[in-house]
Number of protein chains: 2
Amino acid sequence: MLQLRDLPTTEVLTKFAERYPDADITAVSSFLHLLRVATDLSTALDTCLSKYGLLQGRWWVLILLMREESRTSTPSALADKAGVTRATMTGLIDGLEQSGLVVRVYAKDDRRSVLISLTDAGQAKLDVVMPDYYRRLRQCMQALDEEKRSQLQQMLGLINSGISAFIE
Amino acid sequence: MLQLRDLPTTEVLTKFAERYPDADITAVSSFLHLLRVATDLSTALDTCLSKYGLLQGRWWVLILLMREESRTSTPSALADKAGVTRATMTGLIDGLEQSGLVVRVYAKDDRRSVLISLTDAGQAKLDVVMPDYYRRLRQCMQALDEEKRSQLQQMLGLINSGISAFIE
DNA sequence: TTGACATAGTTAGTCAACTAACTATAATGT
DNA sequence: ACATTATAGTTAGTTGACTAACTATGTCAA
């Protein structure tokens with residue numbers, strides 16, 4: 001996402017602001033730090049998951065299936081919820097099926113459709129991964145009390161509303 | 001980064017927390033919202049840059065060069081600052097050189113080394129892109145006053161310190 | 001001074017995302 | 001009823017990251 005390691009110092013930002021008067025130094029700084037921390041969090045999550053032979057994409061598929069009462073969904077629905085294309089979902093399911101964590105079950109009522117079902121092995125995998133993930137995440141967020149977490153979410157909400165202004 | 005569109009509701013998180021007692025609901029929620037907003041910001045930035053035929057990777061290279069007094073740096077230094085491998089930097093420079101935005105100048109003192117120099121066309125490109133970027137970013141962050149921005153940065157700092165606990 | 005190691009950059013091959021096009025099936029409107 | 005359109009999933013090909021290995025050059029210590 002944000003590869004940039006060398007975030008601009010206030011000095012650099014000031015220099016740029018001289019050339020580009022629209023620059024808002026604290027806005028740029030907050031923006032870059034937000035991207036930096038989020039990227040590092042995402043990388044840390046990947047590192048954690050890779051110990052279990054998973055990547056974020058496949059892991060989310062397992063979680064989305066576990067959310068369902070039936071432990072079952074369709075590739076299309078999974079793609080929408082996971083925020084990837086159907087083509088990408090085909091690949092994720094291929095990998096999960098090869099690992100025995102999900103199975104494809106062909107539907108009777110609509111022969112275009114396939115049902116993806118979490119296997120016992122898939123559930124067992126989650127039962128190993130999730131406690132580790134939750135434990136690490138708890139540690140990571142420990143320094144923020146409930147009030148700070150609430151404030152953070154509020155600010156994220158404000159920025160989120162501003163994104164439409166960014167895109168126009 | 002975080003593709004997941006369908007963030008868990010409190011209800012879903014509560015259900016998961018029953019099975020996995022280590023789950024800290026507000027920690028998970030804050031974490032996911034942070035990743036979600038950051039990903040959307042990054043995507044919005046890409047959208048903005050793509051109008052100018054740029055991607056984040058190449059754009060950062062131009063900015064890093066502009067930060068230098070000499071408008072010049074080496075692929076290795078750029079790779080370190082941009083947070084990509086040297087192999088990736090070779091590709092980024094290839095693209096920028098083909099577009100005429102940078103040039104490779106072979107060094108005399110160390111014949112292994114190459115100097116990458118921002119061309120006038122590269123500087124001109126930045127002079128078009130940066131004002132648009134800064135204007136959009138100002139709009140986007142408008143809803144956060146200086147105090148909120150400062151609070152945000154403080155919380156990001158706390159989370160950042162926690163990442164080491166995540167990785168272990 | 002020369003053999004071993006280090007550094008700079010590139011190339012080759014892999015991976016997981018993407019788009020676009022394709023097959024098969026279902027739904028719909030005249 | 002059947003041609004058109006929509007939907008579900010897959011396949012093929014592209015992209016931009018990555019690692020590993022390679023070439024060339026520089027450094028240093030026995």
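By convention in this document, chain letters (A, B, ...) are assigned in the order of the sequence lines, proteins followed by strands, and residues within each chain are numbered from 1. Reckoned from all heavy atoms, side chains included, excluding hydrogens, waters and symmetry mates.
Between R111(B) atom CZ and dT27(D) atom P there is a gap of 13 Å when expressed in whole angstrom units. Here dC15(C) presents its C1' atom at 17 Å from CG of L49(A), a figure rounded to the nearest Å. Between the C1' atom of dA26(C) and the CG atom of D109(A) lies a distance of 11 Å, rounded to the nearest Å. Distance CH2 (W59(B)) to C1' (dA17(D)): 19 Å, rounded to an integer number of Å. Taking atom CD of Q56(A) as the reference point, atom P of dA16(C) lies 13 Å away to the nearest angstrom. For the pair R58(A) CZ and dA16(C) C1', the computed distance is 9 Å after rounding to whole Å. Remark: C1' of dA16(C) and CG of L54(A) are 15 Å apart, rounded to the nearest angstrom. One can place CG of L96(A) at 11 Å from P of dA16(C), the figure rounded to the nearest angstrom.
A donor atom on one side chain and an acceptor atom on the other are found under 3.5 Å apart for S117(B) and T72(B). Side-chain contact check for Y52(A) and D132(A): at least one donor-acceptor pair (N or O, by modelled atom type) lies under 3.5 Å. Side-chain atoms of Q123(A) and D127(A) include a donor-acceptor pair closer than 3.5 Å.
Nearest heavy atom pair, residue Q56(A) against residue S42(A), reads NE2-OG, 2.9 Å.
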Report task. Show the numbers, then the answer: is there a side chain to side chain donor-acceptor pair (under 3.5 Å) between S30(A) and R149(B)? Result -> CA-CA 6 Å; S30(A) 299; R149(B) 291 175 189 185; 5.3 Å; no
Requested in this report: Going 5' to 3' through nucleotides 2-15 of chain D, assign each nucleotide B (protein heavy atom under 4.0 Å from a base atom), S (under 4.0 Å only from sugar-phosphate atoms) or - (no protein heavy atom that close).
Outcome: ----BBBBBB----
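At a threshold of 4.5 Å between non-hydrogen side-chain atoms, the residues L96(A) and I116(A) do not count as touching.
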